[in-house]
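Just below is one structure, and these are the notes that go with it.
Just so it is clear, the structure is predicted and the values come from calculations on it, not from any experiment.
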Amino acid sequence: MAVTQGGRYNHSDYFYTCLLDGEAYGRCQVQYRREIDGLRAVAILPVILFHGGIVGFSGGYVGVDVFFVISGYLITSIILEEIKKDQFSIIGFYERRARRILPALCAVVLFTTIAAFLLLPADALKSYSQSLVSVASFSSNIFFYMTSGYFSGASEKKPLLHTWSLAVEEQYYLIFPVLIIALWFLGKKRITLVIALISVASLSFSQYLSQINAVDANFYLIFSRAWELLSGSLIAFLKPHSQTMKKREKESAGIAGLLLIFYSILFFDNKTPFPSLYALIPVMGAVAIIAFTDADTYIGRFLGNKIFVGIGLISYSLYLWHQPLFAFLRLKTIGEPEPKIFMAAIITTFLLAYLSYRFVEKPFRNRVTVSKASIFRYSGLSLAVMLLVGLSGHIGNGFEKRFAGNEYVETIEFSPKRDECHTSGNNYLKPSESCRYFGTNVTWAAFGDSHIVEPGFALAKLLEKDGTGLLHLTFSGCPPALLFDAKRPGCSQWIKESLTYLENNESIENVLLGFRYSIYFKTELPELPHKSARKYVMTKSADNSGNAVLESFQETYWKSLSEIIERLLKAGKNVYLLYPIPELPVHIGSAITPFSVFSDKPIIDIERSISSQQYFNQNGFILNKLNTLHYGNKLYAIKPFDILGNGEYSPAVSNNRALYFDDNHLSISGANLLIMNSVVADHRRNKPTTDPNY
């Protein structure tokens with residue numbers, strides 16, 4: 001082990017630190033391998049470039065998987081070496097993990113929390129505070145699993161999102177050493193078999209979650225990630241790199257391993273089912289490099305060069321700093337920041353990472369200047385403060401009073417019926433079991449996705465005045481998937497069942513219908529059809545020979561929506577069709593909040609937030625299609641852009657009330673304004689409008 005006088009580490013203890021006490025300080029020898037430090041550089045650089053949105057690194061997220069393999073290998077190697085020399089202790093193991101992980105993490109969290117307090121609106125600061133609690137309790141992977149998807153745009157703006165992988169490793173650290181000690185009586189061969197079986201089970205579980213489209217659970221939770229860490233552990237148990245191998249074979253294995261990692265980085269993207277069997281590609285690439293390369297191989301020398309090793313040494317700090325910088329950059333920029341801005345942020349990340357490594361990581365690894373008792377005392381105090389600050393931000397609702405004179409905050413409200421009545425997943429609410437409110441004479445239905453929830457609630461409040469009730473039928477993120485199979489679990493079947501139920505329910509006379517149209521024409525999402533959704537989907541239509549026809553997804557989407565409308569009209573329903581809701585360029589919390597606590601001007605013009613050109617650019621295809629329909633004979637249009645705005649611009653606020661509760665869903669106030677000024681209200685007043693398009 002590379003140790004100098006006084007016990008100062010010259011290389012990253014992440015790879016080779018042993019438990020050393022007093023005079024035993026120099027007895028533990030674990031070989032330092034430069035190529036593994038270099039492999040860390042190969043892992044961290046794509047992660048940073050991926051999160052920075054740099055073209056060509058669409059699969060850069062696999063760098064985290066490479067880190068998992070490295071971690072599993074090195075931690076297991078250390079444990080085995082110490083057990084062999086009868087030097088292992090659980091307390092010593094956790095001491096080293098605390099030295100390695102917590103000082104730099106706490107330093108980054110300190111600066112991030114100060115920035116969050118100064119910059120974030122109340123709702124975002126409350127969410128940040130909750131994530132802070134999860135970091136302090138080593139459960140941020142669980143928190144982010146429950147609150148957001150890794151590949152969603154909203155997740156990119158979460159400063160502590162990246163700590164999910166630290167939580168996975170921390171949970172591994174809590175379980176794995178205890179498991180090894182408990183099973184040591186079996187002998188190394190049997191323990192190796194047990195680890196192999198657990199790895200296979202974990203990989204199988206990951207593949208199962210991928211097949212049932214449990215994307216977030218699969219990505220964040222340790223059950224489907226354990227096999228990646230255990231793959232590294234198996235290398236330490238089997239030690240294939242120490243076996244007799246011809247140099248040509250070692251060279252081939254190393255080259256193949258690096259190519260597998262590069263392939264994943266270049267060709268994977270957010271459409272790749274991940275993790276799943278696909279994750280075997282980068283994981284086996286890392287395994288091949290760790291197991292079969294050394295300083296005498298081409299790949300070993302390539303990875304062991306000074307630049308890669310230098311980046312590898314600061315890679316932990318690089319990982320910690322990059323996400324907060326990128327998140328705040330996105331939070332305070334209208335639209336996606338330009339690549340040159342991200343390049344400046346990347347350079348800043350490297351500078352901060354070096355300072356963090358030099359003045360935080362290295363000093364706390366020095367057991368001469370920071371004793372075992374001190375590291376535990378500092379760690380406990382830091383986590384306690386982190387927990388206290390996080391709880392304060394949560395209980396204080398993001399400290400709304402930080403920004404003086406912001407009268408809109410309290411009006412950012414969503415429907416109180418959303419949690420109870422809005423459904424999703426395979427175990428969705430059946431139409432017959434769905435919410436009915438507020439009157440007992442249920443003659444109306446609100447049918448669609450989440451964009452219908454608040455307008456439906458506003459409509460129900462209007463209907464309540466004369467005892468009329470509303471049937472709530474909304475499914476989260478579900479397109480009108482009548483003629484195609486959406487990926488989102490349960491969506492397509494729910495659409496079919498709900499439509500049939502409405503057709504057969506004679507008491508339902510009126511239907512408020514609408515979806516978030518724009519998002520499905522921007523990119524392929526989990527809600528879109530399987531396999532061929534990038535360009536085409538298979539529909540029910542056929543040519544003259546009876547063969548199924550491939551057509552563009554946009555056309556299929558429109559055919560599906562128009563058939564839903566037609567079937568409702570044929571069933572004798574009055575259909576009130578909601579046009580696209582204007583979407584803000586930023587979250588409403590950011591829109592109404594000044595850049596920082598030191599300013600008082602919102603970052604956008606909140607009364608001219610969306611122009612007519614922007615609205616058309618977002619929704620051009622569906623607007624052109626909706627305008628071809630014949631309104632006035634049981635079919636009526638509700639046009640949010642015209643009702644909420646003035647024809648040229650649509651605002652984020654009106655009459656001192658926020659019209660949205662995020663960047664695309666109307667708030668209760670926004671929905672009330674929409675419904676009360678629409679053709680629905682005209683009809684309820686028994687004053688039918690002469691303009692069927694209003």
Checklist entry - Is it true that atom CG of N427 has more than 12 heavy atoms of other residues, nucleotides or ligands lying nearer than 6.0 Å? => result no
Item to check | Value rounded to 0.5 Å, distance of CG in N664 from OG in S518 | outcome: 7.5 Å
Checklist entry - More than 12 heavy atoms of other residues, nucleotides or ligands under 6.0 Å from CZ of F621: is that the case? => result yes
Checklist entry - Checking T272 side chain against D269 main chain: does a donor-acceptor pair fall under 3.5 Å? => result yes
Item to check | With sequence neighbours excluded, residues passing ring pair (Phe, Tyr, Trp, His ring centres under 6.0 Å) with Y208 | outcome: none
Item to check | Distance (rounded to the nearest 0.5 Å) between L463 CG and N510 CG | outcome: 8.5 Å
Checklist entry - So, do V47 and F50 sit near enough that their side-chain heavy atoms are less than 4.5 Å apart? => result no
Checklist entry - Can you find a pair of side-chain heavy atoms, one from H665 and one from Y660, that are under 4.5 Å apart? => result no
Checklist entry - Above 12 or not: heavy atoms from other molecules or residues under 6.0 Å from CG of N655? => result no
Next on the checklist: Does L331 form a side-chain contact (heavy atoms from CB on, under 4.5 Å) with H587? I'd like the steps, not just the answer.
Outcome noted: CA-CA 9 Å; L331 282 163; H587 189 284; over 6 Å; no
Item to check | salt bridge (charged side-chain N to carboxylate O under 4.0 Å, His left out) between R516 and E583, worked out | outcome: CA-CA 10 Å; R516 186 184 183 188; E583 299 187 15; 2.8 Å; yes
Item to check | Heavy-atom check, side chain of Y501 versus side chain of S434, under 4.5 Å | outcome: no
Next on the checklist: Working note: Y636 + H683, criterion side-chain hydrogen bond (donor to acceptor under 3.5 Å, both in side chains); need CA distance, chi angles, decisive distance, verdict.
Outcome noted: CA-CA 11 Å; Y636 306 94; H683 286 183; 4.5 Å; no
Next on the checklist: Check the orientation of F475 and W494. Use parallel for under 30°, tilted for 30 to 60°, and perpendicular for over 60°.
Outcome noted: tilted
Item to check | M676 versus L462, closest heavy-atom pair with distance | outcome: SD-CD1, 3.9 Å
Item to check | P489 side chain near Y428 side chain, heavy-atom distance below 4.5 Å | outcome: no
Checklist entry - How about P159 and F328: do any of their side-chain heavy atoms sit closer than 4.5 Å? => result yes
Item to check | Within-4.5 Å side-chain heavy-atom neighbours: W444 and T468 | outcome: yes
Item to check | Straight-line distance of R567 CZ to I565 CD1, nearest 0.5 Å | outcome: 13.0 Å
Next on the checklist: Quick one: does any side-chain atom of K559 pair with a main-chain N or O of L483 as donor and acceptor, under 3.5 Å?
Outcome noted: no
Checklist entry - Under the side-chain hydrogen bond (donor to acceptor under 3.5 Å, both in side chains) test, which residues partner Q130, sequence neighbours left out? => result H394
Checklist entry - Does a donor on one side chain and an acceptor on the other come within less than 3.5 Å for E648 and S611? => result no
Checklist entry - Can you list the residues that meet the salt bridge (Lys or Arg N to Asp or Glu O under 4.0 Å) rule with R436, with sequence neighbours excluded? => result none
Checklist entry - Any luck finding a side-chain donor-acceptor pair between Y579 and N627 under 3.5 Å? => result yes
Next on the checklist: Would K158 pass as a cation-pi partner of F144, given that its NZ or CZ must be under 6.0 Å from the six-membered ring centre and within 45 degrees of the axis?
Outcome noted: no
Checklist entry - Passes side-chain contact (heavy atoms from CB on, under 4.5 Å), Y408 versus I606? Steps please. => result CA-CA 11 Å; Y408 309 109; I606 56 178; 3.7 Å; yes
Item to check | Heavy-atom closest contact (F515 atom, D449 atom, distance) | outcome: CA-OD1, 3.3 Å
Item to check | Closest non-hydrogen atom pair, S210 against P275 | outcome: CB-O, 4.0 Å
Checklist entry - So does E506 have more than 12 non-hydrogen atoms from other groups sitting under 6.0 Å from CD? => result no
Checklist entry - With no hydrogens and no angle check, do the side chains of Y517 and Q618 hold a donor and an acceptor under 3.5 Å apart? => result no
Item to check | L569 vs N574, side-chain contact (heavy atoms from CB on, under 4.5 Å): CA-CA, chis, key distance, verdict | outcome: CA-CA 7 Å; L569 293 173; N574 295 306; over 6 Å; no
Next on the checklist: Looking at S678 and I675, would you say the former's side chain and the latter's main chain have a donor-acceptor pair under 3.5 Å?
Outcome noted: yes
Checklist entry - Do H51 and Y61 get their side chains close enough for a donor-acceptor pair, meaning under 3.5 Å? => result no
Checklist entry - Looking at L125 and G398, what are the two nearest heavy atoms and their distance? => result CD2-O, 3.3 Å
Item to check | Face-on cation placement of K461 at F438 ring, 6.0 Å and 45° thresholds | outcome: yes
Next on the checklist: For the backbone of Y220 and the side chain of N141, can you confirm whether one donor and one acceptor N or O come within less than 3.5 Å of each other?
Outcome noted: yes
Next on the checklist: Test your reading of the model: is there a side-chain donor-acceptor pair from K573 to the backbone of I508, 3.5 Å cut-off?
Outcome noted: yes
Checklist outcome for this item: Per side chain to side chain donor-acceptor pair (under 3.5 Å), S669 is matched among R657, E413, E454 by R657
Checklist entry - Does atom CD of E509 have more than 12 heavy-atom neighbours from other groups under 6.0 Å away? => result yes
Checklist entry - Judged by atom type as modelled, is there a donor-acceptor pair below 3.5 Å linking the side chain of S276 to the main-chain atoms of Q207? => result no
Checklist entry - Do H472 and Y437 get their side chains close enough for a donor-acceptor pair, meaning under 3.5 Å? => result yes
Checklist entry - Using a distance-only test with no angle check, is there a side-chain donor-acceptor pair under 3.5 angstrom linking H422 and S450? => result no
Next on the checklist: Do N218 and S224 pair up side chain to side chain, a donor and an acceptor below 3.5 Å, judged on atom types alone?
Outcome noted: yes
Checklist entry - So do the side chains of D663 and I588 get within less than 4.5 Å of each other, counting heavy atoms only? => result no
Next on the checklist: Keeping S560 on the side-chain end and Y557 on the backbone end, is there a donor-acceptor pair under 3.5 Å?
Outcome noted: no
Next on the checklist: So which atom in S609 and which in L584 form the shortest heavy-atom distance, rounded to 0.1 Å?
Outcome noted: CB-CD2, 3.8 Å
Next on the checklist: Distance check, rounded to the nearest 0.5 Å: M146 atom CE versus D216 atom CG?
Outcome noted: 11.5 Å
Checklist entry - Is the centre of the W164 ring less than 6.0 Å from the centre of the F143 ring? => result no
Item to check | Side chain T411, main chain A658, donor-acceptor under 3.5 Å | outcome: yes
Item to check | Minimal non-hydrogen separation, T333 against V586, with atom names | outcome: O-CG1, 4.2 Å
Checklist entry - Would you find more than 12 non-hydrogen atoms of other residues, nucleotides or ligands less than 6.0 Å from E410 atom CD? => result no
Item to check | Residue pair K570, E566: steps toward the salt bridge (charged side-chain N to carboxylate O under 4.0 Å, His left out) verdict | outcome: CA-CA 6 Å; K570 284 185 177 179; E566 184 178 350; 3.2 Å; yes
Item to check | salt bridge (charged side-chain N to carboxylate O under 4.0 Å, His left out) assessment of E555 paired with K625 | outcome: CA-CA 10 Å; E555 291 296 334; K625 291 294 187 180; 3.5 Å; yes
Next on the checklist: Go through it in stages, so that I can follow the logic: the residues are L512 and I452, the test is side-chain contact (heavy atoms from CB on, under 4.5 Å), and I'd like the CA-CA distance, side-chain angles, deciding distance and then a yes or no.
Outcome noted: CA-CA 8 Å; L512 175 64; I452 281 290; 4.0 Å; yes
Checklist entry - Do I592 and I412 have side chains that get closer than 4.5 Å, going by heavy atoms? => result yes
